[in-house]
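None of these values were measured; they are calculated from a predicted model.
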Amino acid sequence: MVITRLRFARTISTRGTAVKMLCILLSVAFAYPVQAQLGRSRAPSPSKPAQTPTIPSTPTLNLMPLPKVISASRNIKLWDTSGQPTLQIDPNTGDLNALTLGTKDGQQMLISGGADGVVRLWNLASGAPGDTLAVNHGPITALALSPDNTILAVGAADGSISLWAWQQGRLLAAVPAHSDAVTGLIYAPDNHTLISAGADRQIRVWLLFDNGRRIVLRSSILAHDAPITGIALLAGATQVASVSEDGYLMIWNLATGAQIRRVFVCERGVTALAASPDGKTLATGDSNGHIRLWNAATGMPLAFQGNLPQPPRTLLWSADGTVLICGAADNTLSFWNVNTDKQVACIAAHDGPVRALVLAP
């Protein structure tokens with residue numbers, strides 16, 4: 001149509017040519033955006049799938065300050081309340097699977113464990129390396145520090161648990177705790193009860209004696225039909241919740257080993273679990289990329305649901321219980337306001353899956 005008009009324009013008098021050509025060009029210019037806009041409103045062609053949006057490295061935030069958190073993948077990063085990294089530690093030792101915090105000589109220390117089978121201490125203020133503990137049981141898969149800051153429990157891929165006077169760098173005891181990898185460790189508030197979970201589907205309760213020099217099995221629960229992927233203490237440490245690749249959330253009486261509740265979560269398996277600070281709410285992440293909240297007393301689902309492109313690998317609550325933090329298989333760190341059911345930030349945090357989280361002081 002444009003070509004026809006231009007040819008016609010050449011046949012008219014020279015006097016009116018410039019004006020009429022200008023009109024023709026303006027009509028084409030105004031028509032094109034309308035056609036382009038109409039084209040964008042159509043369904044995409046099957047031969048041209050929609051592109052997956054990229055996740056920004058700089059987070060988009062609302063006015064809510066974020067919890068300070070430390071995350072680990074193949075390196076470690078400390079994130080401030082604006083979602084910016086303020087410290088990065090590069091151990092260059094492979095995947096890091098577990099983090100915890102302790103105090104040594106008046107200094108806050110970050111404790112990490114991972115694929116190289118060595119526990120490493122880091123000064124949290126400077127990132128400077130400190131002592132190392134050679135565990136020698138294969139990759140480290142779980143860490144837990146006693147409430148009194150004295151005994152570090154280390155779970156390994158070979159199923160062992162070792163106890164360390166970590167400030168002195170001294171091994172206290174070791175036990176073949178599970179027949180497969182240890183997947184979770186939690187201390188009870190009494191300092192001498194340790195709960196472990198494993199890929200062998202077992203939850204085990206251990207008693208520590210003689211300041212950690214002796215560890216005795218108190219009870220064992222065959223909790224799931226597939227490897228356990230997370231555990232959390234509830235109800236004043238009288239109950240333990242567990243999740244598994246079998247797709248279920250379970251709650252158990254620690255004293256008797258009796259099953260209290262069995263809740264189906266996801267047919268493809270549950271990948272992460274965290275209990276709120278008051279113990280009233282459980283958060284789960286599953287292989288479909290969903291984050292869900294559950295009433296811990298009734299097992300009923302709450303209205304909240306978060307959706308991610310890849311499964312959550314680890315979950316952590318803020319100290320006040322208002323924000324849920326998720327480290328995912330797509331390398332992201334996301335923050336969710338559980339009161340508004342909204343994601344408040346998503347950060348491209350690492351170059352690999354986020355495997356461990358701990359709140360920063």
> Thr103 and Met109: side chain to side chain contact (heavy atoms under 4.5 Å, CB included), yes or no, with the steps?
Replying inline: CA-CA 6 Å; Thr103 304; Met109 303 298 292; over 6 Å; no
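- No continuous path of hydrophobic side-chain contacts links Val344 to Leu302 [ILVMFWY only; heavy atoms under 4.5 Å].
- Residues Leu172 and Asn211 form no side-chain contact, since every pair of their non-hydrogen atoms from C-beta on lies 4.5 Å or further apart.
- By the 4.5 Å heavy-atom criterion applied to side chains, Arg292 and Pro301 are counted as neighbours.
- For the atom pair Ile151 CD1 and Leu145 CG, the distance stands at 9.5 Å (nearest 0.5 Å).
- Donor-acceptor pairing under 3.5 Å is recorded for the side chains of Ser242 and Trp252.
- In terms of heavy atoms, Cys326 sits closest to Leu315 at CB-CD2, 3.7 Å.
- Val240 is not connected to Leu185 by any chain of hydrophobic side-chain contacts under 4.5 Å among Ile, Leu, Val, Met, Phe, Trp and Tyr, and they are in different clusters.
- For the pair Asp210 (side chain) and Gly212 (backbone), a donor-acceptor distance under 3.5 Å is absent.
- The minimum heavy-atom distance between Leu293 and Thr281, with the atom names listed, is CB-CG2, 4.1 Å.
- For the pair Ile228 and Ala223, the tightest heavy-atom approach, listed with the atom from each and the gap, is CD1-CB, 4.1 Å.
- Among the candidates Ile76, Leu78, Asp80, Leu110, the single residue satisfying the side-chain contact (heavy atoms from CB on, under 4.5 Å) test with Leu87 is Leu78.
- Listed for the Asp158 side chain is a donor-acceptor partner under 3.5 Å among the backbone atoms of Ser160.
- Pro91 approaches Leu96 most closely through the heavy-atom pair CG-CD1, 4.0 Å.
- Two different hydrophobic clusters hold Ile70 and Leu152 under the rule that ILVMFWY side chains link at heavy-atom gaps under 4.5 Å.
- The closest donor-acceptor contact from the side chain of Asp95 to the backbone of Ala115 lies at 3.5 Å or more, if one exists at all.
- Salt-bridge formation is detected for the pair Asp131/Lys104: a Lys NZ or Arg NE/NH1/NH2 atom is positioned less than 4.0 Å from an Asp or Glu carboxylate oxygen.
- Cluster membership check: Ile221 shares its hydrophobic cluster with Ile195, using side-chain heavy-atom separations under 4.5 Å among Ile, Leu, Val, Met, Phe, Trp and Tyr.
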>> Could you go through Trp166 and Leu121, starting from their C-alpha distance and side-chain angles, then the distance that decides it, and tell me whether this counts as side chain to side chain contact (heavy atoms under 4.5 Å, CB included)?
In response: CA-CA 9 Å; Trp166 69 281; Leu121 276 57; 3.6 Å; yes
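- The distance from the CG atom of Leu163 to the CZ atom of Arg213 is 11.5 Å, given to the nearest 0.5 Å.
- Between the side chains of His350 and Asn331, no donor-acceptor pair is found at a separation under 3.5 Å.
- A donor and an acceptor atom, one from each side chain of Thr86 and Trp79, are nowhere located under 3.5 Å apart.
- Side-chain contact between Val205 and Thr193: present, with at least one pair of heavy atoms (C-beta onward) separated by less than 4.5 Å.
- In the model, Arg355 has no side-chain atom that pairs as donor or acceptor with a side-chain atom of Ser73 under 3.5 Å.
- Between Thr150 atom OG1 and Leu208 atom CG the span is 9.0 Å, to the nearest 0.5 Å.
- Interatomic distance, Ser146 OG to Tyr187 OH, rounded to the nearest 0.5 Å: 5.0 Å.
- Cluster membership for Ile251 and Val243, using ILVMFWY side-chain heavy atoms within less than 4.5 angstrom, is shared.
- Panel note: side chain Gln239, backbone Ile260; no donor-acceptor pair is recorded below 3.5 Å.
- Listed here is the closest heavy atom pair of Leu234 and Gly279: CD2-O, 3.6 Å.
- In this structure, Trp336 and Asp341 have side chains that are not in contact, with every pair of non-hydrogen atoms separated by 4.5 Å or more.
- Using a cut-off of 4.0 Å between Lys/Arg side-chain N and Asp/Glu carboxylate O, Asp286 and Arg268 are scored as not salt-bridged.
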> Val323 and Val338: side chain to side chain contact (heavy atoms under 4.5 Å, CB included), yes or no, with the steps?
Replying inline: CA-CA 6 Å; Val323 177; Val338 298; over 6 Å; no
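- Separating the OG atom in Ser244 from the CG atom in Leu273 is a distance of 11.5 Å, to the nearest 0.5 Å.
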> side chain to side chain donor-acceptor pair (under 3.5 Å) between Ser112 and Arg120: does it pass, once the steps are laid out?
Replying inline: CA-CA 5 Å; Ser112 68; Arg120 300 177 187 275; 5.9 Å; no
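- The only member of Leu171, Val182, Val135 that meets side-chain contact (heavy atoms from CB on, under 4.5 Å) when paired with Val154 is Val135.
- Taking 4.5 Å as the limit, every side-chain heavy atom of Leu359 sits out of range of all side-chain heavy atoms of Leu101.
- Considering only heavy atoms from C-beta on, Val270 stays 4.5 Å or farther from Glu245 through its side chain.
- At distances below 3.5 Å, not a single donor-acceptor pair connects side-chain atoms of Arg74 with backbone N or O atoms of Asp90.
- Atom CG of Asp351 is surrounded by 12 or fewer heavy atoms from other residues, nucleotides or ligands within 6.0 Å.
- Side-chain contact check for Ser196 and His178: at least one donor-acceptor pair (N or O, by modelled atom type) lies under 3.5 Å.
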>> With side chain to side chain contact (heavy atoms under 4.5 Å, CB included) as the criterion, how do Phe304 and Ile291 come out once you've worked through the C-alpha distance, each side chain's angles and the decisive distance to 0.1 Å?
In response: CA-CA 8 Å; Phe304 174 93; Ile291 303 171; 3.9 Å; yes
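- Remark: Leu308 CG to Thr332 OG1 distance equals 6.0 Å, nearest 0.5 Å.
- Using modelled atom types, one finds a donor on one side chain and an acceptor on the other under 3.5 Å when comparing Thr284 with Trp294.
- Residues Leu333 and Cys346 are not in side-chain contact: their nearest non-hydrogen atoms beyond the backbone lie 4.5 Å or more apart.
- Listed for the Asn288 side chain is no donor-acceptor partner under 3.5 Å among the backbone atoms of His290.
- Closest approach of Ala153 and Leu194 over heavy atoms only: CB-CD2, 3.9 Å.
- Between Leu357 and Leu99 the shortest side-chain heavy-atom distance does not fall below 4.5 Å.
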